[in-house]
> 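One structure, pasted below without further comment.
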Amino acid sequence: VWQRKEMELLKVMRTIDDRIVHELNTTVPTASFAGKIDASQTCKQLYESLREAHASRDRVIKNCIAQTSSVVKRLREEREKNLDDLTLLKQLRKEQTKLKWMQSELNVEEVVNDRSWKVFNERCRIHFKPPKNE
């Protein structure tokens, strides 16, 4: 149950990345149509949306990792005092599994973000130049 909620939240938060190809195909013209539509504003808005979504997901995942890490630490300390407590051991294992899953989500984020920026750059590089400091 605990993992399902987090997975659903990340799935919803990744919607912009899942739809980027469609978004670019419907709003940014190919080179042959470039003169008919000003894509710079669309690319700028998409750039801002992607940056915001990526930062937001990164914050959420890292916050979950920090919270779960502290729970694991507390459970480990309790476990050292009560080596015979199997319920405590089960709880510790469950939280450790949750922590590993969240840490792996950071790797998934990197892949998702890289893919989105690659697609974005392929279509928007001639229409929009991101600020140098970002």
Side-chain angles (χ1 to χ4, degrees):
V1 175
W2 55 265
Q3 212 170 349
R4 198 173 315 138
K5 281 196 281 188
E6 282 92 349
M7 288 177 79
E8 274 304 308
L9 177 62
L10 283 173
K11 185 178 175 186
V12 169
M13 292 179 81
R14 287 182 178 140
T15 301
I16 186 171
D17 294 272
D18 294 340
R19 294 188 179 158
I20 188 168
V21 172
H22 174 74
E23 180 76 20
L24 287 167
N25 284 341
T26 57
T27 59
V28 178
T30 57
S32 59
F33 291 99
K36 298 179 176 70
I37 300 167
D38 177 21
S40 60
Q41 191 60 32
T42 302
C43 287
K44 182 177 191 234
Q45 287 170 342
L46 186 56
Y47 171 81
E48 294 298 333
S49 296
L50 277 173
R51 275 199 44 228
E52 192 177 302
H54 294 175
S56 176
R57 289 196 312 260
D58 188 65
R59 243 186 340 271
V60 166
I61 293 169
K62 286 179 177 171
N63 187 27
C64 286
I65 288 172
Q67 287 177 10
T68 306
S69 292
S70 67
V71 169
V72 166
K73 183 178 183 236
R74 181 181 53 76
L75 288 171
R76 271 198 189 122
E77 290 165 357
E78 285 180 40
R79 173 86 175 122
E80 287 171 15
K81 296 173 196 161
N82 304 308
L83 293 174
D84 298 333
D85 190 339
L86 292 177
T87 306
L88 195 57
L89 178 63
K90 263 177 105 171
Q91 201 176 358
L92 175 60
R93 294 286 182 254
K94 182 179 171 184
E95 290 299 316
Q96 286 172 324
T97 301
K98 183 178 177 180
L99 183 59
K100 285 177 190 158
W101 171 74
M102 288 177 186
Q103 289 166 333
S104 74
E105 281 304 312
L106 282 177
N107 296 330
V108 171
E109 267 307 290
E110 191 177 332
V111 171
V112 169
N113 294 354
D114 286 350
R115 181 186 144 271
S116 294
W117 287 122
K118 183 177 185 272
V119 170
F120 174 85
N121 287 325
E122 284 171 1
R123 289 299 295 278
C124 284
R125 69 175 175 260
I126 61 171
H127 305 289
F128 173 75
K129 299 277 184 267
K132 287 271 189 254
N133 60 353
E134 295 174 10

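Throughout, numbering of the chain's residues begins at 1 and tracks the sequence. Because the structure is a prediction, the values reported are computed rather than measured.
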> Specify whether Tyr47 and Phe120 have parallel, tilted or perpendicular ring planes, treating 30° as the upper limit for parallel and 60° as the lower limit for perpendicular.
tilted
> Using modelled atom types only, decide if a donor and an acceptor are shared between the side chain of Ser56 and the backbone of Ala53 within a distance under 3.5 Å.
no
> Measure from the side-chain N and O atoms of Asn82 to the backbone N and O of Asp85, and report whether any donor-acceptor pair falls under 3.5 Å.
no
> If the threshold is 4.0 Å, N to carboxylate O, is there a salt bridge linking Arg14 and Glu105?
yes
> For the residue pair Arg57 and Asn113, what are the closest heavy atoms and their distance?
NH2-OD1, 2.9 Å
> Determine yes or no for a side-chain-to-main-chain donor-acceptor pair under 3.5 angstrom, with Arg125 supplying the side chain and Lys129 the backbone.
no
> Let me confirm one number: the CZ-CG distance from Arg93 to Leu88, rounded to the nearest 0.5 Å.
10.5 Å
> Test of understanding: clusters of I, L, V, M, F, W, Y form through side-chain heavy atoms closer than 4.5 Å, transitively. Do Trp117 and Ile20 belong to the same one?
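They do share one cluster, since a chain of ILVMFWY contacts under 4.5 Å joins Trp117 to Ile20.
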> A quick test of your reading: do over 12 heavy atoms of other residues, nucleotides or ligands sit less than 6.0 Å from CD of Glu52?
no
> Decide yes or no for Ile61 and Ile65: does some side-chain heavy atom of the first lie under 4.5 Å from some side-chain heavy atom of the second?
yes
> Measure across Leu92 and Val72 and return the closest heavy-atom pair with its distance rounded to 0.1 Å.
CD1-O, 3.8 Å
> So does Arg74 have more than 12 non-hydrogen atoms from other groups sitting under 6.0 Å from CZ?
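Enclosed.
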> Under the side-chain contact (heavy atoms from CB on, under 4.5 Å) rule, what do Val71 and Leu99 come out as? Steps first, then yes or no, please.
CA-CA 10 Å; Val71 169; Leu99 183 59; over 6 Å; no
> First locate atom OG of Ser116, then atom CG of Leu50, and finally report the distance between them rounded to the nearest 0.5 Å.
5.5 Å
> Could you tell me the separation between the CE atom of Met102 and the OG atom of Ser69, rounded to the nearest 0.5 Å?
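The CE atom of Met102 sits 9.0 Å away from the OG atom of Ser69.
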> Could you check whether any side-chain heavy atom of Asp17 comes within less than 4.5 Å of a side-chain heavy atom of His54, counting everything from C-beta outward?
yes
> Flag the pair Lys73 and Glu77 as a salt bridge only when some basic side-chain nitrogen lies within less than 4.0 angstrom of an acidic carboxylate oxygen.
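So Lys73 pairs with Glu77 through a salt bridge.
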> Over all heavy atoms of both residues, which pair between Cys43 and Phe128 is shortest? Give the atoms and the distance, please.
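Looking at all heavy atoms of both residues, the closest pair is CB-CB, 3.6 Å.
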> Would you say Leu75 and Leu89 make side-chain contact, with heavy atoms under 4.5 Å?
no
> Please determine whether side-chain contact (heavy atoms from CB on, under 4.5 Å) holds for the pair Leu10 and Val108, giving the CA-CA distance in whole Å, both sets of side-chain angles, and the decisive distance to 0.1 Å.
CA-CA 11 Å; Leu10 283 173; Val108 171; over 6 Å; no
> Quick check: closest heavy atoms across His127 and Arg123, and the distance to 0.1 Å?
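What the structure gives for the nearest pair is CD2-O, 3.3 Å.
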> Does some side-chain heavy atom of Lys98 sit less than 4.5 Å from a side-chain heavy atom of Lys94?
no
> Distance from Thr68 atom OG1 to Lys100 atom NZ, nearest 0.5 Å?
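If we round to the nearest 0.5 Å, Thr68:OG1 and Lys100:NZ are 13.0 Å apart.
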> Between Arg76 and Gln96, does a side-chain contact (heavy atoms from CB on, under 4.5 Å) hold up when you go through it step by step?
CA-CA 10 Å; Arg76 271 198 189 122; Gln96 286 172 324; 3.3 Å; yes
> May I ask you to say whether Lys118 pairs ionically with Glu122, meaning some side-chain N is under 4.0 Å from a carboxylate O?
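Salt bridge flag = yes for Glu122 with Lys118.
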> Within the 4.5 Å heavy-atom criterion, are Glu109 and Met13 side-chain neighbours or not?
no
